[in-house]
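Take a look at the structure below.
Residue numbers begin at 1 in each chain, while the letters A, B, ... track the order of the sequences. A quick note: this is a predicted structure, and the numbers were derived from the prediction, not measured.
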2 protein chains.
Amino acid sequence: MNAAPTVYDVAERSGVSIATVSRVYRSPDSVRAATRERVLAAARELGYVPSGNARGLASRSTGVLGLCFPDYSDPDTVGAEDDDAAMLYSDQIIRGMERAARRHGYALLIAASLEGGPENLVAKVAGRVDGFAVLARTVPTEELEVISRRRPVVMLAGPRAQDPSLDHLDHVEVANEDGQYQLTRHLLDDHGLRRLAYVGFAEDSPDVEARFRGFQRACREAGAEVGDRPALRMPMMTRAEGAHAADLLCSGPGERPEAFLFANDQMAVGALQALERRGLRVPDDVVVTGFDGIPLSRLVRPALTTVRQPMVRLGEKAVELLVRRLTGEREADPVSLMLPVGLARRASCGCADEENTASADI
Amino acid sequence: MNAAPTVYDVAERSGVSIATVSRVYRSPDSVRAATRERVLAAARELGYVPSGNARGLASRSTGVLGLCFPDYSDPDTVGAEDDDAAMLYSDQIIRGMERAARRHGYALLIAASLEGGPENLVAKVAGRVDGFAVLARTVPTEELEVISRRRPVVMLAGPRAQDPSLDHLDHVEVANEDGQYQLTRHLLDDHGLRRLAYVGFAEDSPDVEARFRGFQRACREAGAEVGDRPALRMPMMTRAEGAHAADLLCSGPGERPEAFLFANDQMAVGALQALERRGLRVPDDVVVTGFDGIPLSRLVRPALTTVRQPMVRLGEKAVELLVRRLTGEREADPVSLMLPVGLARRASCGCADEENTASADI
DNA sequence: CCCTAGCATGAATGCGCTTTCATTCTCTTC
DNA sequence: GAAGAGAATGAAAGCGCATTCATGCTAGGG
């Protein structure tokens with residue numbers, strides 16, 4: 001692991017100048033074939049690997065896109081809830097970004113923010129990429145503002161930044177409000193349900209908040225009764241809490257709601273299990289719906305009616321926007337996209353499984 | 001997006017030399033507090049973001065670790081099998097590496113290899129990182145050899161490199177053989193089963209091959225009959241194929257095996273469903289086991305007895321090894337680790353769920 | 001056979017930062 | 001109050017590459 005060979009070493013060994021070595025890599029066609037072969041041979045023998053740093057410094061671009069996402073992992077309970085929805089989110093966005101980035105010739109640099117690492121990790125990442133995607137409100141506004149003055153930044157998920165210092169940023173989100181609206185209308189209109197209970201936690205997350213607003217709007221438009229807050233508010237939105245919520249809703253005072261609408265699939269799955277234990281049949285006795293469209297939602301019995309979020313596409317869109325900024329339209333107006341979601345009508349609301357009839361194996 | 005400010009700009013604005021500006025970031029304590037504040041203020045006003053490239057070039061280290069993983073995604077069928085085991089693998093390893101890397105102050109640069117992007121992406125990544133992890137045989141031997149001459153490289157999963165040019169690399173794998181051995185012995189010894197059918201595809205993947213060897217060894221040691229190849233070989237190891245395999249095993253000639261051992265959880269889950277359709281009860285009529293320990297394995301009914309692979313830990317181990325090479329023991333002997341796997345005895349083999357009794361909600 | 005256009009190559013500069021090494025400042029101590 | 005030690009700062013030299021400009025070279029036209 002002694003000093004790595006440089007262009008100088010390769011140049012000397014192949015009897016050319018460093019400029020030619022550089023050209024062999026950057027624009028092979030501008031070098032005579034014979035020369036090129038000599039250089040490549042020398043490079044191979046020496047074990048030459050071009051320094052990305054030097055290259056980036058000289059050419060003022062790194063060929064790397066960055067992503068900052070929140071770290072939801074609690075090191076103590078790792079593995080306890082493997083399929084935590086938030087993690088699945090990050091995973092899918094990472095996948096989408098990586099794939100899209102690769103298609104455009106970029107690599108992807110990722111770093112979760114918040115605790116667990118040196119504070120400056122974000123700055124470090126920012127200094128090493130050509131463009132930068134930020135998931136939710138992962139990065140402090142001020143820091144983000146500084147970064148965005150020098151590199152394209154796109155904000156993912158969550159609502160468009162309120163802060164005026166950030167309103168020049170591109171932004172992509174998922175139609176949470178609309179998705180929950182559609183799902184609710186489906187229950188109201190197509191299934192004729194009236195007494196709906198929404199379970200979520202509207203405070204903390206703008207996404208969940210938007211979903212609840214969609215629920216409210218649908219109810220109001222259809223003339224169904226609706227409160228100004230969810231029937232139940234579960235802080236972690238885990239499977240266990242979903243089960244708990246189902247129990248509460250069943251044993252609570254008054255008539256049992258006809259449908260339980262959960263703010264995510266995790267809780268809905270938990271509810272399914274709790275209801276089964278109580279001997280209640282879904283969807284005959286009570287309808288249950290989720291939100292997110294995690295793989296599990298299709299596998300539980302009955303299959304869960306839910307709203308599918310295109311997280312992979314979110315990542316892809318982010319890359320598209322960044323690449324666009326990086327090639328040309330640098331000064332164009334900020335873009336704000338709302339990715340459409342898909343309603344998955346499945347058995348848990350009483351629908352036949354409309355999206356998956358082909359694969360009869362499940 | 002005009003020319004980004006540099007140390008020179010910050011230095012000028014705060015009336016110090018560039019050396020001092022640099023010190024403010026690298027070793028804040030070596031600068032008088034008053035000076036430091038002036039510099040930071042100037043930096044903030046200017047929107048200064050240190051160039052990772054320049055920093056890396058000057059200090060000969062990037063603070064970034066890299067990971068190359070295979071791209072299993074088929075762009076056409078994206079979403080068809082969201083929870084493809086191979087993808088889950090990558091995701092978990094990425095998660096493990098990212099987390100561990102962050103703890104050590106590193107960011108993570110990822111790039112899937114193979115088709116779908118410029119050929120040189122691997123080289124690009126290699127040139128930008130301090131250390132490098134390679135999943136399976138993602139990178140061509142020759143290329144890997146060149147890279148490994150200059151940076152620490154650790155190979156993940158799969159067997160230790162056979163190629164002598166790579167035998168100086170660190171290596172981490174999962175105890176596939178041992179895991180399947182233990183699981184098989186459990187069925188043989190604890191449950192007294194004798195007629196076992198193994199379903200996998202031993203050719204392509206060394207991991208799956210190792211699992212089958214574990215199965216064979218257990219059978220031989222216990223005096224059970226065992227062939228020199230799996231009872232059935234499914235190329236994709238999907239859920240659908242698992243269901244198909246179960247059907248074949250049930251309707252095949254001769255007595256039905258007492259247990260179906262699948263080389264992954266996907267197939268086992270498919271089998272569970274196929275068996276249910278056939279009216280066969282698991283584990284009473286037939287025992288089913290999987291391999292991997294994906295989240296779903298715990299959620300199906302009956303819960304799947306399987307072998308848990310510590311993929312997150314694999315990623316963490318990779319980082320540990322890289323960091324170790326990066327700090328000191330550069331020339332130590334190559335390390336080859338075999339991460340222990342865990343047997344998850346659950347309902348599908350007739351065991352009570354021994355690992356999950358606490359969370360009664362599932 | 002000479003001249004010129006065009007191509008292949010080389011010399012030199014700078015990208016933005018870190019890092020000695022030398023220098024200046026600031027105290028402490030007698 | 002002077003001398004010295006140690007802390008704070010500055011000057012300057014790269015780090016490894018891309019790139020411009022200048023130059024040598026080849027080939028084609030006259």
Side-chain angles (χ1 to χ4, degrees), chain A residues 2-40 42-43 46-64 120 123-124 126-130 150-151, chain B residues 2-40 42-43 46-64 120 123-124 126-130 150-151:
Chain A
N2 26 25
T6 72
V7 271
Y8 295 97
D9 303 314
V10 176
E12 186 178 359
R13 181 162 187 124
S14 51
V16 299
S17 73
I18 63 164
T20 297
V21 175
S22 175
R23 276 189 276 259
V24 165
Y25 287 91
R26 301 251 53 81
S27 51
D29 295 337
S30 71
V31 176
R32 206 189 317 174
T35 317
R36 193 190 319 142
E37 288 314 318
R38 273 210 331 275
V39 170
L40 287 175
L46 257 37
Y48 170 66
V49 178
S51 153
N53 283 325
R55 181 173 288 189
L57 183 54
S59 67
R60 294 181 231 351
S61 89
T62 65
V64 176
N120 48 22
K124 179 145 93 186
R128 309 200 73 85
V129 300
D130 291 340
R150 301 304 162 196
R151 326 203 173 300
Chain B
N2 27 26
T6 71
V7 270
Y8 294 98
D9 303 315
V10 176
E12 187 178 359
R13 181 164 187 121
S14 51
V16 301
S17 73
I18 63 164
T20 298
V21 175
S22 174
R23 276 189 277 260
V24 165
Y25 288 91
R26 301 251 54 84
S27 51
D29 294 338
S30 71
V31 176
R32 206 187 320 173
T35 316
R36 194 191 319 144
E37 288 314 319
R38 274 210 331 275
V39 171
L40 286 176
L46 259 37
Y48 171 66
V49 179
S51 153
N53 283 325
R55 180 173 285 189
L57 182 55
S59 65
R60 292 181 240 343
S61 88
T62 66
V64 176
N120 49 22
K124 179 145 92 186
R128 309 200 73 85
V129 301
D130 291 341
R150 301 305 162 193
R151 327 204 171 300

So what does B:T20 hit on the nucleic acid, given a heavy-atom distance under 4.0 Å: a base, only sugar-phosphate, or nothing?
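Sugar-phosphate, backbone atoms only, no base.
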Look at all strands and tell whether A:S51 reaches a base, only sugar-phosphate, or nothing, counting heavy atoms closer than 4.0 Å.
sugar-phosphate
If you take atom types as modelled and just measure distance, does the side chain of A:Y8 reach the base of D:dC15 with a donor-acceptor pair under 3.5 Å?
no
Got a donor-acceptor pair under 3.5 Å from the side chain of A:R60 to the base of C:dG16?
no
Could you state the interatomic distance from CZ (A:R23) to CZ (A:R32), rounded to the nearest 0.5 Å?
12.5 Å
Check whether any side-chain nitrogen or oxygen of [X] sits under 4.0 Å from OP1 or OP2 of [N], and answer yes or no.
{"X": "A:R55", "N": "D:dA18", "answer": "yes"}
{"X": "A:R26", "N": "D:dA18", "answer": "yes"}
{"X": "B:T6", "N": "C:dG16", "answer": "no"}
{"X": "B:S17", "N": "D:dA11", "answer": "no"}

pair A:V21-A:Y8: side-chain heavy atoms closer than 4.5 Å:
no
Do A:K124 and B:R55 come close enough that some side-chain heavy atom pair is under 4.5 Å?
no
When the distance from [atom1] of [X] to [atom2] of [N] is rounded to whole Å, what number comes out?
{"X": "B:I18", "N": "C:dT19", "atom1": "CD1", "atom2": "C1'", "value": "10 Å"}
{"X": "B:R23", "N": "C:dC21", "atom1": "CZ", "atom2": "C1'", "value": "11 Å"}
{"X": "A:R36", "N": "C:dA8", "atom1": "CZ", "atom2": "P", "value": "10 Å"}
{"X": "A:D9", "N": "D:dC15", "atom1": "CG", "atom2": "P", "value": "11 Å"}
{"X": "A:R32", "N": "D:dC25", "atom1": "CZ", "atom2": "C1'", "value": "8 Å"}
{"X": "B:R38", "N": "D:dG10", "atom1": "CZ", "atom2": "P", "value": "8 Å"}

Residue met sooner reading DNA chain D from 5', once B:L57 and B:G15 are mapped to nucleotides:
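Mapping each residue to its closest nucleotide by heavy atoms, the 5'-most match is B:G15.
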